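What follows is one structure encoded as structure tokens, with my remarks underneath.
Please read these numbers as outputs of a predicted model, since none were measured by experiment. Computed from heavy atoms alone, side chains included, the values below leave out hydrogens, waters and symmetry copies. First the proteins, then the strands, lettered A, B, ... as listed; each starts at 1.
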Amino acid sequence: MNNTAEHQTQKLKKPELLAPAGNLEKLEFAIRYGADAVYIGGRQFGLRAKAGNFSFEDMEKGVAFAHKRNARVYVATNIIAHNADLSGLETYLKTIKNIGVDAIIVADPAIISTAKNIVPDLEIHLSTQSSVTNWRTVQFWKDEGISRVVLAREVSLREIRDIKKHVDVELEAFIHGAMCNSYSGRCVLSNHMTNRDANRGGCAQSCRWLYDLFQTGDELDDYSEIPLFEENDDPYTMSSKDLCMIESIPDIINAGIDSLKIEGRMKSIHYVATVVNAYRQAIDAYLADPKNYSFDPAWLDEIVKASHRPLIKGFYYQPPNKEAQIYGEGPKIRKFDFVGLVLDYDNDTKTATIQQRNNFKVGQEVEFFGPATKFVQTIEKIEDEEGNSIDAARHPLQIIKMKVNKPVKPYDMMRKEN
Amino acid sequence: MNLKKPELLITAKNLDEIKYLADSGADAFNIGGDIYGLRVAGIFTLEMIKEAVKIAKEKQKKIYVMMNAILHNDSLNGLEDYLTKLVEYDVDGIVFGDPAVFITAKEIAPDLQLHLNTETTITNAETINFWAKRGVTRAVLARELSLEEVIDIKNKVNIEIQVQVHGLTCIFHSKRSLLTNYFEHLGYNKLLPQESRKKQLHLREKKRPDERYPIFEDSHGTHIMSDHDICMIEHIDKFIGAGIDSLKIEGILHSTDYLVNVTKLYRKAIDNVLSGKENGYLVEQIKKIQPKNRPLNTGFYFKEQIY
């Protein structure tokens with residue numbers, strides 16, 4: 001770890017833990033599980049066309065929920081717009097400003113100009129879609145009135161420390177989640193292969209498809225080509241493993257990054273809660289006692305339970321090598337399902353009231369987890385709302401009661417290995 | 001109506017190509033080096049750029065130097081010196097994508113023309129006006145725009161607009177060394193990635209056997225190019241009618257012979273439009289010289305995308 005001794009002598013600034021929230025429920029869970037801020041998408045001008053996204057009404061509820069808990073809400077307004085996409089922008093910005101969102105995340109200068117005119121008091125964060133990779137460009141955007149720059153995923157920790165030294169502006173960086181393999185904003189594979197516009201939210205993730213690699217024949221005038229792979233070789237792909245910096249929280253914080261961002265507005269509640277929970281614990285542990293901090297492998301175990309891809313450290317320490325790509329089928333990953341949400345707990349009877357989120361039955365091993373909860377137990381008995389004993393919870397959102405081995409709290413989750 | 005004569009711009013891979021293409025009717029050239037230039041047709045050292053300007057001036061052509069790289073901190077060192085040299089050589093302009101280049105150029109080289117090219121993200125008039133206010137003199141439009149959108153943009157801005165009319169386009173740029181990674185994964189080295197461009201590699205997606213996407217790796221990472229060459233020679237009149245200022249032929253991965261012929265045909269096409277003559281027959285002549293493995297199409301000019 002770099003400069004640990006030097007940093008221990010000064011008070012560390014507490015960075016923001018920033019989580020994705022694809023909808024209102026995810027927003028609430030992200031904050032309950034420890035996010036200091038969330039980013040969401042509205043129905044327009046965002047890049048995740050398929051992430052539920054927020055109506056103005058939900059946005060209002062989300063902002064109220066967040067502000068009551070001292071959390072902030074940022075709205076992704078990060079489309080790379082064509083002329084026609086910009087109609088309605090002024091009204092949209094005024095509306096979300098009135099709702100009280102704390103900032104917008106923007107990639108297109110067209111939206112920056114409009115926001116500066118129409119809602120001058122609204123903070124603007126520059127999106128990672130702008131691929132900012134050096135301090136002079138950070139300075140440029142600061143001078144344009146940008147209050148925070150979300151750095152490109154391609155910068156290293158050394159580069160971030162250098163940027164911080166040169167420019168006094170808030171820096172945000174991704175610490176966890178799926179990665180574009182390209183410089184963000186500089187990939188139109190999807191446009192060319194499927195006619196879906198990647199920079200306006202239509203990305204088909206063509207980088208994760210399988211390809212064969214050839215050397216083109218010498219004669220340009222014929223179709224000859226030489227395969228650069230043998231029959232049983234893994235096909236070429238650009239699919240990236242996912243970023244995970246849980247083991248490197250001290251380096252991240254010491255680099256001076258102001259906001260630590262988790263990717264994934266499309267991800268499930270289980271994912272958001274699990275990942276946020278782990279990072280919350282690691283960050284708090286480090287800030288509480290930097291000198292005696294040690295990494296707890298249980299945090300990584302938790303994260304792995306919510307992950308679908310193997311994990312890497314991105315560009316932070318070295319450029320991604322062959323280990324950063326997913327070739328062939330990739331390693332098998334244990335999958336866990338979110339099966340129940342704790343609604344209530346009766347300490348006298350040691351009974352939890354649980355809302356079913358996925359099938360589970362008597363005899364299965366489940367794990368309870370939450371901001372202050374973590375244990376595994378076998379389900380011995382399930383009762384429905386009328387007190388009838390049932391062998392399984394089969395119905396979506398069904399309310400059941402079951403005995404638990406340790407106390408649980410509302411909003412704790414119950415998961416089960418798939 | 002009095003039609004404005006657009007510039008015919010082309011890339012050049014070496015000094016000889018500049019001479020040949022200038023004599024074939026090109027008005028201006030994009031050239032560049034390997035540190036600040038991305039996907040240049042061929043690497044020009046500063047010495048060569050100096051020589052290129054001399055050749056161009058003699059023939060009354062223009063030189064715009066590609067400085068369109070996405071810069072990391074380390075490559076900021078030397079940026080001032082490089083720009084100072086370009087001013088000394090009297091190049092006409094630079095092409096940039098990263099704001100770091102833009103602000104440095106405004107300080108060091110305030111008289112240079114500044115062409116904004118981010119490849120994929122210059123897609124609306126407001127964005128261009130944002131940059132125009134700050135001193136950008138030309139915007140290079142993303143190729144993923146329709147012709148109608150291009151014309152609409154031109155009507156709403158007051159700086160020069162450049163569009164691509166012919167050749168490949170970059171559709172993917174990663175900082176990762178994806179070919180090196182793949183070869184290392186397979187555990188054998190069929191080819192050095194540095195040779196990937198010279199040897200002409202391509203990808204075929206499993207479900208799209210007819211599409212071949214050129215791919216190469218260099219110090220900036222990995223680049224994938226379109227499977228088709230854009231060819232808008234039949235529609236040159238529409239760009240000229242809209243007052244588009246510069247029409248670009250991208251020459252990367254094509255031979256000098258091919259580019260000489262293509263340049264002559266586009267020269268003819270532009271001159272035909274300006275003198276009110278028919279143009280349709282020229283596309284047939286391009287088809288005759290087009291490499292079979294590089295099909296032609298009209299890019300996104302007549303397509304509707306979904307999102």
So for B:Thr169, is it side chain, backbone, both, or neither that comes closer than 4.5 Å to the heavy atoms of chain A?
side chain
Looking at A:Phe315, A:Trp135, A:Tyr211, which makes the most heavy-atom pairs under 4.5 Å with chain B?
A:Tyr211
Contact check, side chains of B:Leu203 and A:Phe214, non-hydrogen atoms, under 4.5 Å:
no
Under 6.0 Å from the CD1 atom of B:Ile108, do we count more than 12 heavy atoms belonging to anything else shown?
yes
Between A:Arg186 and B:Glu144, does at least one N-O distance fall below 4.0 Å, as a salt bridge requires?
no
Can you say whether A:Arg158 sits under 4.5 Å from chain B via the side chain, the backbone, both, or neither, judging by heavy atoms?
side chain
Applying the side-chain contact (heavy atoms from CB on, under 4.5 Å) test to A:Leu213, which of B:Leu179, B:Leu186, B:Leu178 qualifies?
B:Leu179
Measure the spacing between CD1 of A:Ile80 and OG1 of B:Thr127 and express it to the nearest 0.5 Å.
7.5 Å
Measuring only between side-chain heavy atoms, which start at C-beta, is A:Asp108 closer than 4.5 Å to B:Thr121?
no
On a heavy-atom basis, which atom in B:Leu79 and which in A:Arg136 lie closest, and how many Å separate them?
CD2-NH1, 4.0 Å
Determine, stepwise, if the pair B:His185 / A:Glu323 fulfils side chain to side chain donor-acceptor pair (under 3.5 Å).
CA-CA 8 Å; B:His185 169 72; A:Glu323 304 301 336; over 6 Å; no
A:Ala324 versus chain B, heavy atoms under 4.5 Å apart: side chain, backbone, both or neither?
both
Strictly under 6.0 Å, is that where the ring centroids of B:Tyr213 and A:Trp209 end up?
no
If you tally heavy-atom pairs under 4.5 Å between each of A:Asp197, A:Asp212, A:Val138 and chain B, the highest tally belongs to A:Asp212
Would you mind checking which part of A:Pro319 comes under 4.5 Å of any heavy atom in chain B, side chain (CB onward), backbone (N, CA, C, O), both or neither?
neither
Please report the C-alpha distance between B:Ile103 and A:Asp143 in whole Å, then the side-chain angles of each, then the deciding distance to 0.1 Å, and finally whether the side chain to side chain contact (heavy atoms under 4.5 Å, CB included) criterion is met.
CA-CA 11 Å; B:Ile103 43 178; A:Asp143 294 343; over 6 Å; no
Contacting region of B:Ile224 [heavy-atom separation from chain A under 4.5 Å]:
side chain
May I ask you to check whether over 12 heavy atoms, not counting those of B:Asn77, lie within 6.0 Å of atom CG?
yes
Would you mind checking which part of A:Gln139 comes under 4.5 Å of any heavy atom in chain B, side chain (CB onward), backbone (N, CA, C, O), both or neither?
neither
Nearest-0.5 Å distance that lies between atom OG1 in B:Thr123 and atom CG in A:Asn83
8.0 Å
Checking A:Ile111 against chain B: side chain, backbone, both or neither under 4.5 Å from a heavy atom?
neither
Side chain, backbone, both or neither: which part of A:Asn199 has an atom under 4.5 Å from a heavy atom of chain B?
side chain
Can you say whether B:Arg204 sits under 4.5 Å from chain A via the side chain, the backbone, both, or neither, judging by heavy atoms?
both
Comparing B:Glu304, B:His202, B:Lys175, B:Lys207 against chain A, the one with the most heavy-atom pairs below 4.5 Å turns out to be B:His202
Return the option, out of A:Asn321, A:Asp234, A:Val188, with the maximum number of heavy-atom pairs under 4.5 Å with chain B.
A:Val188
Reported NZ-to-OG distance for the pair A:Lys322 and B:Ser177, which is rounded to 0.5 angstrom:
14.0 Å
For the NZ atom on B:Lys303, are there more than 12 heavy atoms of other groups (residues, nucleotides or ligands in this structure) within a distance under 6.0 Å?
yes
Give, as side chain, backbone, both or neither, the part of B:Ile215 having an atom under 4.5 angstrom from any heavy atom of chain A.
side chain
Could you look at B:Arg143 and say if it's the side chain, the backbone, both or neither that has a heavy atom under 4.5 Å from chain A?
neither
Checking heavy atoms, do the side chain of A:Ser240, its backbone, both or neither come under 4.5 Å from chain B?
both
With rounding to the nearest 0.5 Å, note down the distance linking NE2 in B:His173 to CG in A:Asn181.
11.0 Å
Proximity of B:Phe172 and A:His192 rings by center, below 6.0 Å
no
Heavy-atom proximity to chain A below 4.5 Å, by part of B:Asp227
neither
Give me the ring orientation class for A:Tyr236 and B:Tyr182: parallel if the planes are under 30° apart, tilted from 30 to 60°, perpendicular past 60°.
perpendicular
Decide yes or no on salt bridge (charged side-chain N to carboxylate O under 4.0 Å, His left out) for B:Lys292 and A:Glu225, but give the supporting numbers first.
CA-CA 13 Å; B:Lys292 279 208 192 89; A:Glu225 55 187 13; over 6 Å; no
Just so I understand: if I count every heavy-atom pair under 4.5 Å between each of B:His72, B:Lys206, B:Glu184 and chain A, which residue has the most?
B:His72
Pair B:Leu201-A:Thr216, side chain to side chain contact (heavy atoms under 4.5 Å, CB included): steps then yes or no
CA-CA 5 Å; B:Leu201 306 194; A:Thr216 312; 5.8 Å; no
Report which part of A:Asp85 has an atom under 4.5 Å of a heavy atom belonging to chain B: side chain, backbone, both, or neither.
side chain
To the nearest 0.5 Å, how far apart are CD1 in A:Ile79 and CG in B:Asn124?
9.5 Å
Count the heavy-atom pairs under 4.5 Å between each of A:Pro235, A:Ser131, A:Gly185 and chain B, then report the option with the highest count.
A:Pro235
CD1 (B:Ile70) and CG (A:Asn134) are apart, to the nearest 0.5 Å, by 10.5 Å
Report yes if some heavy atom in the side chain of B:Gln305 is under 4.5 Å from a heavy atom in the side chain of A:Arg196; otherwise report no.
no
When the 4.5 angstrom heavy-atom criterion is applied to B:Phe102 and chain A, the contacting part is side chain
Greater than 12 external heavy atoms within 6.0 Å of A:Gln44's CD
yes
Can you name the closest pair of heavy atoms from A:Trp141 and B:Pro99 and give their distance?
NE1-CG, 3.8 Å
Side chains of B:Ser174 and A:Tyr183 in contact at under 4.5 Å (non-hydrogen atoms)
no
In terms of heavy-atom pairs under 4.5 Å with chain B, the winner among A:His166, A:Met193, A:Glu154 is A:Met193
With a 4.5 Å cut-off on side-chain heavy atoms, are B:Glu126 and A:Ser113 touching?
yes
Stepwise salt bridge (charged side-chain N to carboxylate O under 4.0 Å, His left out) test for A:Glu144 and B:Arg134:
CA-CA 10 Å; A:Glu144 287 292 339; B:Arg134 285 151 184 80; 2.5 Å; yes
Side chain to side chain contact (heavy atoms under 4.5 Å, CB included) between B:Arg176 and A:Met179, intermediate numbers included:
CA-CA 12 Å; B:Arg176 301 182 191 212; A:Met179 301 177 84; 3.6 Å; yes
